[in-house]
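Presented below is the structure to which this report refers.
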Amino acid sequence: MIERTYSDDITAEQDGETVSIAGHVHDIRDLGGLSFVIVRDREGQTQVVFKEGNDEDLFEAANDLGKEDVVRITGSVKASDQAPGGVELMPSELEVINAAESPLPMEVAKDIESDLSTRLDNRSIDLRKPEAYAVFSLRSKLVNAMEEWFDGEGFRNVDTPLLSQEGAEGGAELFPVVYYGEEVFLSQSPQLYKQMLMAAGFDKIYETGTAFRAEAFATSRHVSEISMFDVELAYIDDHHDVMDVQEESLRHTLERVSENATDELETLGVDLAVPTDPFPRVTFEEARDILATEFDHVPEDETDLDTKGEKLLGEYFEEQGHPAFFVVGYPDEKFYYKQDVPGDDIASRKFDLIYKGQELSSGGQREHDIETMSEYMEDQGADPENFHFYLEAFRFGIPPHGGYGLGIDRLVQKVGELDNIKEAILFPRDPDRVTP
Ligand code: ATP
Ligand code: MG
């Protein structure tokens, strides 16, 4: 490895010590006989002071530097109140490891807002911006924190296939793929496989995976290729056990992130509130009542809350100190949800988690009786023949179970307070973009 010190590890206490830094040339300020070169690495920036007269060759080499060159500089640390971060480097050696072409396709150093499309076209440059990197550092810590909670609770980390013959929820949203001359589909959800693992006695599982949705959306919260955090657990009493898991794991995740990602949150200007109170659990009917009475809003589709409804409910609960809440008992049609809720003819055992005014996950208790589920399938025009491999798993003993799927990209978008979900994804896919 090339020996180097990260910029945020250089402190004023090291005054007089020799260190080496390596990174991209972020900015150059040429003041005639004096030149300030700012070197950027993953953790921050260091100011390097080149003075004419100290070492002519070194000064000339510094004058030849271009923005975004990759360099390694060795020098002595100097504590300085004027320097950003309270330290600067007085160089003795400069090595250009790799020169950058000029002009750059977009600015990294200057505070020029490029539009999202330009940013995504030049993503490897765009990601050099401290705010862009902060998103993915935050994302890494967030997913780790989530996995950490599930590992601690005895859940097993699994991987289910991305190629299959049938989607979990019907054909329209599927991307076809040619598979040895036959048409198969990219997975839209690990739903069916998670349930098969419940039949297999795996008991508690989670998966950090990928799902594909062939929808022609044009919103700030949809993409075609999504990262999903999926959970399934067995021997539940009902869907409230699943909500307990969702609530505790999300609280843990937000807590961890608020402790361990302070730099990232600061760079993004986010003051992250960790919900301490229990998440409210309102029924679907109650949610619609709140919308009608408080906001005079009646979502057109009687089985849904719509985007505006979710946003308004988000404001309503946020005001009461609840950034996250569940809407329980959607009249959902999907065959794998258990439909019967005692005393309620409409509701199913499906819930959505709304976080900061946006749906973050859907889940519930699954139907595990094969006869009942086959009926649901027929009601919805899903041919049980096509789901033979799945139904087989229900014939030879399967415990009551439930789970949910959470959109990781949406969670990062909401925690990072990003306008568009694509900012939360390294190389996002949408109907108009599959490159880079
Ligand atoms: P929405 O109604 O918001 O389009 P959905 O109900 O179709 O979402 P689910 O099938 O319930 O989505 O998927 C579970 C979770 O996966 C969602 O709550 C969301 O966080 C995420 N998700 C689903 N589709 C997308 C998408 N196209 N882009 C980004 N995230 C998505
Ligand atoms: Mg949903």
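Order of appearance sets the numbers: ligands from 1, and atoms from 1 within every ligand. The first residue of the sequence shown is numbered 1, and numbering continues consecutively from there. These values consider heavy atoms only, across backbone and side chains, with no hydrogens, waters or symmetry-generated copies.
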Please table the atom pairs, donor to acceptor, closer than 3.5 Å between any side-chain atom in residues 428-436 and protein atoms at least two apart or in another chain.
| from | atom 1 | to | atom 2 | distance (Å) |
| --- | --- | --- | --- | --- |
| Arg429 | NH1 | Val434 | O | 3.3 |
| Arg429 | NH1 | Pro436 | O | 2.7 |
| Arg429 | NH2 | Val434 | O | 2.8 |
| Asp430 | OD1 | Asp432 | N | 2.7 |
| Asp430 | OD1 | Arg433 | N | 2.8 |
| Asp430 | OD2 | Lys422 | NZ | 2.6 |
| Arg433 | NH1 | Asp121 | OD1 | 3.0 |
| Arg433 | NH1 | Thr435 | O | 3.1 |
| Arg433 | NH2 | Ser117 | O | 3.3 |
| Arg433 | NH2 | Asp121 | OD1 | 3.1 |

*Please list, in chain and residue-number order, the protein N/O/S atoms closer than 2.8 Å to the Mg ion (ligand 2).*
Glu359 OE2, Ser362 OG

*Evaluate the side-chain proximity of Val48 to Phe36: yes if any heavy-atom separation is below 4.5 Å, no if none is.*
no

*For ligand 1, which atoms have a heavy atom of Ile421 less than 4.0 angstrom away?*
29 (C)

_Any heavy-atom pair between the side chains of Glu310 and Pro299 that's under 4.5 Å?_
no

*Say whether Val223 and ligand 1 are in contact under the criterion: heavy-atom distance to a ligand atom below 4.0 Å.*
yes

*Check whether any side-chain heavy atom of Tyr355 sits under 4.5 Å from a side-chain heavy atom of Leu411, and report yes or no.*
yes

*asked:* Please verify the inter-ring angle class for Phe175 with Phe212; under 30° counts as parallel, over 60° as perpendicular, anything in between as tilted.
replied: perpendicular

*Is Ile226 in polar range of ligand 1, meaning some N or O pair under 3.5 Å apart?*
no

*Which of these passes salt bridge (Lys or Arg N to Asp or Glu O under 4.0 Å) with Glu232: Lys204, Arg366, Arg156?*
Arg366

*Should Gln358 be listed as contacting ligand 1, given a heavy-atom distance under 4.0 Å as the test?*
no

*What atoms of ligand 1 come closer than 4.0 angstrom to any heavy atom of Gly405?*
14 (C), 15 (C)

*Find out whether Leu116 and Glu423 are in side-chain contact, i.e. whether some heavy atom of one side chain is under 4.5 Å from a heavy atom of the other.*
yes

*Could you label the plane-to-plane angle of the Phe229 and Phe150 rings as parallel, tilted or perpendicular, counting under 30° as parallel and over 60° as perpendicular?*
tilted

*Counting heavy atoms not belonging to Gln320, are there more than 12 under 6.0 Å from its CD?*
yes

*Determine which pairs satisfy salt bridge (Lys or Arg N to Asp or Glu O under 4.0 Å) with at least one residue from residues 396-415, sequence neighbours left out, and list them in order.*
Arg139-Asp409

*Counting from 1, what ligand 1 atoms have a heavy atom of Ser361 closer than 4.0 Å?*
18 (O)

_Heavy-atom pairs closer than 4.0 Å: do any link ligand 1 to the side chain of His222, the backbone, both, or neither?_
both

Donor-acceptor list for residues 265-275 side chains, cut-off 3.5 Å, not counting sequence neighbours:
| from | atom 1 | to | atom 2 | distance (Å) |
| --- | --- | --- | --- | --- |
| Thr267 | OG1 | Asp263 | O | 2.9 |

*Decide whether an N or O pair under 3.5 Å exists between Leu360 and ligand 1.*
yes

*Report the part of Met228 (side chain from C-beta onward, or backbone N, CA, C, O) that has a heavy atom under 4.0 Å from ligand 1; answer both or neither where that applies.*
side chain

*With atoms numbered from 1 as shown, which atoms in ligand 1 lie under 4.0 angstrom from a non-hydrogen atom of Arg221?*
28 (N), 29 (C)

